[in-house]
Amino acid sequence: RRFGTFEYQLAGNCFENKVWPIHFHHMALEPLETAQGQGFPTIRQQSVFIENRVGQLLRLTRLLDQSDTRILAVSVVYSVDCAICRMVLDEPDEAREVLTNAGFQVSEAELICVSLPHGKRALLHTWAALLGGEINIHYTYPLLIRPKGCAAIAVLPDNVEQAIRVLRERKFEVLDQSDLYHARND
């Protein structure tokens, strides 16, 4: 084999017993950029996989509390074997280190944070704006803090960059991680 080439074999169906070369020297080696790295205001969510046992959520919360990490938003999704605790934290890098050192499995995702307009139809206007831009919402949950004095929601859309563009065009305020950091003690 030559340097920079990798061969793999697909199993099953009509691809069986065929070798397909991949030439790495044609691939870009720069790191992939996140939406935040490209200048889009995003927030970081940590998804922590916890056992479905009594006291696990308390254990997780105490661990973060001992490291002075503040939970700014939380959503727990239950399944038979485990639960997924999705959290937005004020210090995501520190939290990731604390959680992985304690043996938790952690994954990270970029979400958008939308400051909700005042009034009783805030969510209606937000969903209508995203629908108008043909943006699908995978999930959402509220923040426990009020950045800049307003209610806010964390949203995972199908296209982060497009969702931000659509919301900004319709005069919504999209917050970033630093906005949440500064609002954590309000």
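Position 1 is the first residue of the sequence; numbering continues from there.
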(message) Suppose the criterion is side-chain hydrogen bond (donor to acceptor under 3.5 Å, both in side chains): which pairs have a residue in residues 94-108, not counting sequence neighbours?
(response) R44-E108, Q46-E108

(request) Would you kindly confirm whether L63 and L144 end up in one hydrophobic cluster when ILVMFWY residues are joined by side chain heavy atoms under 4.5 Å apart? (result) yes

May I have the list of side-chain donor-acceptor pairs in residues 78-90 shorter than 3.5 Å, sequence neighbours left out?
residue : atom : partner : partner atom : Å
S79     : OG   : C82     : N            : 3.4
S79     : OG   : C82     : O            : 2.6
D90     : OD1  : R70     : N            : 2.8
D90     : OD2  : R184    : NE           : 3.1

(message) How long is the straight-line distance from CD1 of I135 back to CH2 of W127, given to the nearest 0.5 Å?
(response) 12.5 Å

(request) Output, in order, the C-alpha distance, side-chain angles, deciding distance and verdict of side chain to side chain contact (heavy atoms under 4.5 Å, CB included) for L123 and I153. (result) CA-CA 9 Å; L123 287 174; I153 54 173; 4.1 Å; yes

(message) Using side-chain heavy atoms (C-beta onward) and a distance below 4.5 Å, is I137 in contact with L156?
(response) no

(request) To the nearest 0.5 angstrom, please state how far the CG atom of L167 sits from the CD1 atom of I164. (result) 8.0 Å

(request) Would you name the heavy atoms of F104 and F49 that are closest together and state the gap between them? (result) CD2-O, 3.9 Å

(request) Would you mind reporting whether D179 and C113 have side-chain heavy atoms less than 4.5 Å apart? (result) no

(request) To the nearest 0.5 angstrom, please state how far the CG atom of L116 sits from the CZ atom of R121. (result) 15.0 Å

(request) Determine whether more than 12 heavy atoms belonging to other residues, nucleotides or ligands lie under 6.0 Å from atom NE2 of H118. (result) no

(message) Are P41 and R168 packed together at the side-chain level, in the sense that at least one heavy-atom pair is separated by less than 4.5 angstrom?
(response) yes

(message) For E91, give me all partners under salt bridge (charged side-chain N to carboxylate O under 4.0 Å, His left out), at least two apart in sequence or on another chain.
(response) none

(request) Not counting sequence neighbours, which residues clear side-chain hydrogen bond (donor to acceptor under 3.5 Å, both in side chains) with T140? List them please. (result) none

(message) Measuring from atom CG of L72 to atom CG of L143, what distance do you get when rounded to the nearest 0.5 angstrom?
(response) 6.5 Å

(message) Working to the nearest 0.5 angstrom, can you tell me the gap between H125 NE2 and R170 CZ?
(response) 13.5 Å

(message) Taking salt bridge (charged side-chain N to carboxylate O under 4.0 Å, His left out) as the definition, give me every residue that meets it alongside E169, ordered by chain and number, with sequence neighbours left out.
(response) none

(request) Please check if V76 and V106 belong to a single hydrophobic cluster, counting links between Ile, Leu, Val, Met, Phe, Trp and Tyr side chain heavy atoms closer than 4.5 Å. (result) yes

(request) Find the distance between OG1 (T42) and CD (E110) and round it off to the nearest 0.5 Å. (result) 4.0 Å

(message) Do I112 and F40 have side chains that approach each other closer than 4.5 Å (heavy atoms only, starting at C-beta)?
(response) no

(message) For a 4.5 angstrom cut-off between non-hydrogen side-chain atoms, does L64 reach L99?
(response) yes

(request) State, with a plain yes or no, whether a side-chain heavy atom of Y141 is found less than 4.5 Å away from one of L111. (result) yes

(request) Of all the heavy-atom pairs spanning V166 and A129, show the shortest one and how long it is. (result) CG1-O, 3.2 Å

(request) Only pairs at least two apart or in different chains count here, so list each salt bridge (Lys or Arg N to Asp or Glu O under 4.0 Å) that has a residue in residues 45-61. (result) E51-R53

(request) Determine whether L175 and I43 make a side-chain contact, defined as any pair of heavy atoms from C-beta on separated by less than 4.5 Å. (result) no

(request) Could you tell me whether the side chain of P117 reaches within less than 4.5 Å of the side chain of F172, counting heavy atoms only? (result) yes

